[in-house]
Protein chains: 2
Amino acid sequence: MQPIMSKDVVERLSRYRSVLLRLKSLGFVRVFSDNLADALGVSASLVRKDLGLHGIHGVKRGGYNIETLVERLTEVLGVSGMLKIVVIGCGHIGSALLRTYGGKRYGINAVAGFDINAQIINPMAAIPILDVHELATYVATQAIDVAVLCVPEDAAATVMEQVRTSRIRGVLNFTAAHLRSDAHCLVQPLDIRMEIEKLFCLVEMSARRERAETAPEGRERGNDDR
Amino acid sequence: MQPIMSKDVVERLSRYRSVLLRLKSLGFVRVFSDNLADALGVSASLVRKDLGLHGIHGVKRGGYNIETLVERLTEVLGVSGMLKIVVIGCGHIGSALLRTYGGKRYGINAVAGFDINAQIINPMAAIPILDVHELATYVATQAIDVAVLCVPEDAAATVMEQVRTSRIRGVLNFTAAHLRSDAHCLVQPLDIRMEIEKLFCLVEMSARRERAETAPEGRERGNDDR
DNA sequence: TAGATTGTTAATCGATTAACAATC
DNA sequence: TAGATTGTTAATCGATTAACAATC
């Protein structure tokens with residue numbers, strides 16, 4: 001009933017769901033595989049396969065009911081209810097995430113921050129900021145499964161050791177450090193610097209391609225790119 | 001000489017480079033395809049192919065020279081020098097990015113922020129925060145190619161229209177809005193909420209799998225997951 | 001020389017799409 | 001009914017890996 005999903009499939013199901021929530025809020029009731037395919041830039045076959053493989057079926061000629069489709073996707077993805085997270089490292093990015101997701105918005109609830117800087121530790125705040133040493137205890141009592149890691153790169157490995165001894169099962173790693181997943185804890189990298197770099201690279205490449213297309217067909221140095 | 005790269009290839013080349021910079025800083029001089037393969041979790045064949053396809057060659061038995069490898073990758077990726085960006089939308093996340101990347105750290109230089117809120121506009125600050133209406137003029141005179149979009153989701157489409165009329169060629173989209181790339185401007189999504197959601201989903205799935213493995217072999221409801 | 005690593009081809013693998021019968 | 005859309009199979013495509021000759 002629950003086939004093992006690749007990251008790509010999780011990504012697509014999550015995007016289907018996001019698109020469907022929008023359609024629903026616009027008052028739409030039904031959707032066709034074609035519509036979802038257009039929205040994601042994939043083929044309609046793939047949409048139907050993605051859904052069918054998870055036991056989600058439409059009706060021939062009538063498409064899919066958005067309401068039930070969202071329900072089923074939420075179930076399959078396991079993202080019903082508030083997703084509770086803690087933020088480890090309350091610097092610029094960490095604090096921003098606490099403020100953004102501290103308000104139970106977007107289905108996510110950042111319930112606490114952790115840091116080593118005594119100056120910013122404040123257990124009495126609406127969203128408490130605690131000492132990292134209390135992490136294991138806190139996540140155990142509060143049943144937290146997922147943490148967002150925003151500490152300085154140098155500190156990442158050490159902090160990650162502490163995370164591994166806790167009940168945390170998933171880490172979104174905002175640091176540039178290479179942290180490995182293990183059987184107990186899944187680490188997902190999200191390196192903003194690298195994303196910016198990749199973007200520059202893709203932009204530069206598309207510029208090169210344009211130049212190549214605009215340029216006359218004549219052979220030039222290094223034109224043997226085949 | 002410059003084959004068209006898929007996003008996956010760009011991602012890998014960028015990661016090779018990042019790993020190599022670390023090795024270099026540790027005093028390493030040579031690296032084998034095996035090493036890079038281990039670091040990224042791919043095969044050594046793929047590493048050699050990735051490099052070879054871009055005219056980067058090692059020596060049999062001697063591996064690759066890290067120094068020249070980094071140079072060549074930097075060149076191929078087009079990420080030499082400071083990468084100048086502007087940040088559009090200076091809320092929690094936007095401000096955090098300005099502060100993090102405003103200091104020419106990490107090879108990235110956030111040179112200005114843009115917002116519509118008159119209260120936070122401050123053209124005299126070290127990193128000026130300007131009115132969004134000045135965006136086109138600013139990026140034209142300062143030769144900015146890439147922007148990071150951190151406005152509220154509702155505002156994203158409108159702001160993106162303004163971005164499209166500017167010289168901006170690449171946008172890192174932190175909003176949840178679905179913004180399309182076009183021939184002129186490449187939009188790269190980075191939806192933190194969705195990343196957190198995906199992480200929860202992957203964690204949940206790995207938990208399910210464990211339960212399935214631990215559980216006795218006996219047939220149960222929904223055990224026909226094949 | 002013997003051993004190790006690259007460069008490159010052929011094989012494999014998985015993901016995606018095309019196509020079409022089933023059917024609403 | 002005719003037309004449209006699903007569900008599903010077979011075909012395609014691209015990416016990755018295995019394997020090995022070349023060679024340092």
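Residue numbers begin at 1 in each chain, while the letters A, B, ... track the order of the sequences.
By the 4.0 Å N-to-carboxylate-O rule, B/Glu75 lies close enough to B/Arg72 to be salt-bridged with it.
The side chain of B/Ser33 places an N or O atom within less than 4.0 Å of a non-bridging phosphate oxygen (OP1 or OP2) of C/dT6. Contact annotation: A/Arg12 reaches the phosphate of C/dT16 (side-chain N/O to OP1 or OP2, under 4.0 Å). Neither OP1 nor OP2 of D/dG7 sits under 4.0 Å from any side-chain N or O of A/Arg48.
Distance CG (B/Leu36) to P (C/dT5): 13 Å, rounded to an integer number of Å. Between A/Asp38 atom CG and D/dT5 atom C1' there is a gap of 14 Å when expressed in whole angstrom units. Straight-line distance from the OH atom of A/Tyr64 to the C1' atom of D/dT6: 6 Å, rounded to whole Å. As rounded to whole Å, 8 Å separates atom P of D/dT16 from atom CG of B/Asp50. Atom CZ of A/Phe32 and atom P of C/dT23 are 19 Å apart (whole Å). If you measure from atom CG of B/Leu13 to atom P of D/dA15, you get 13 Å, rounded to the nearest angstrom. A straight line from CG of B/Asn35 to C1' of C/dT5 spans 11 Å, rounded to a whole angstrom. Here the C1' atom of nucleotide C/dC24 and the NE2 atom of A/His57 are 16 Å apart, to the nearest Å.
Pairing each heavy atom of B/Ala176 with each of B/Arg193, the nearest pair is CB-NH2, 3.7 Å.
A/Gly63 comes within contact range of the sugar-phosphate backbone alone, with a heavy-atom separation under 4.0 Å but no base atom that close.
In this structure D/dC20 sits in a base pair with C/dG7, meeting the Watson-Crick or G-U test at under 3.5 Å. C/dG14 is paired with D/dC13 under the criterion used here, namely a Watson-Crick or G-U wobble arrangement in which both key atom distances are under 3.5 Å.
With DNA chain C read from its 5' end, the first of the two nearest nucleotides for B/Ala44 and A/Leu46 is the one closest to B/Ala44.
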Test B/Glu11 against B/Lys7 for salt bridge (Lys or Arg N to Asp or Glu O under 4.0 Å), laying out the working first.
CA-CA 6 Å; B/Glu11 165 99 33; B/Lys7 276 186 192 173; over 6 Å; no

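Nearest nucleotide to the side chain of A/Arg61, out of D/dG3, C/dT6, C/dA15: D/dG3. Set against D/dA10, C/dA15, D/dT17, the side chain of B/Ser45 has D/dT17 as its closest nucleotide.
Between B/Leu40 atom CG and B/Arg12 atom CZ the span is 8.0 Å, to the nearest 0.5 Å.
Contact of A/Lys60 with D/dT6 (side chain to base): a donor-acceptor pair of N or O atoms is detected under 3.5 Å.
Side-chain N/O atoms of B/Arg105 and B/Thr100 include no donor and acceptor closer than 3.5 Å.
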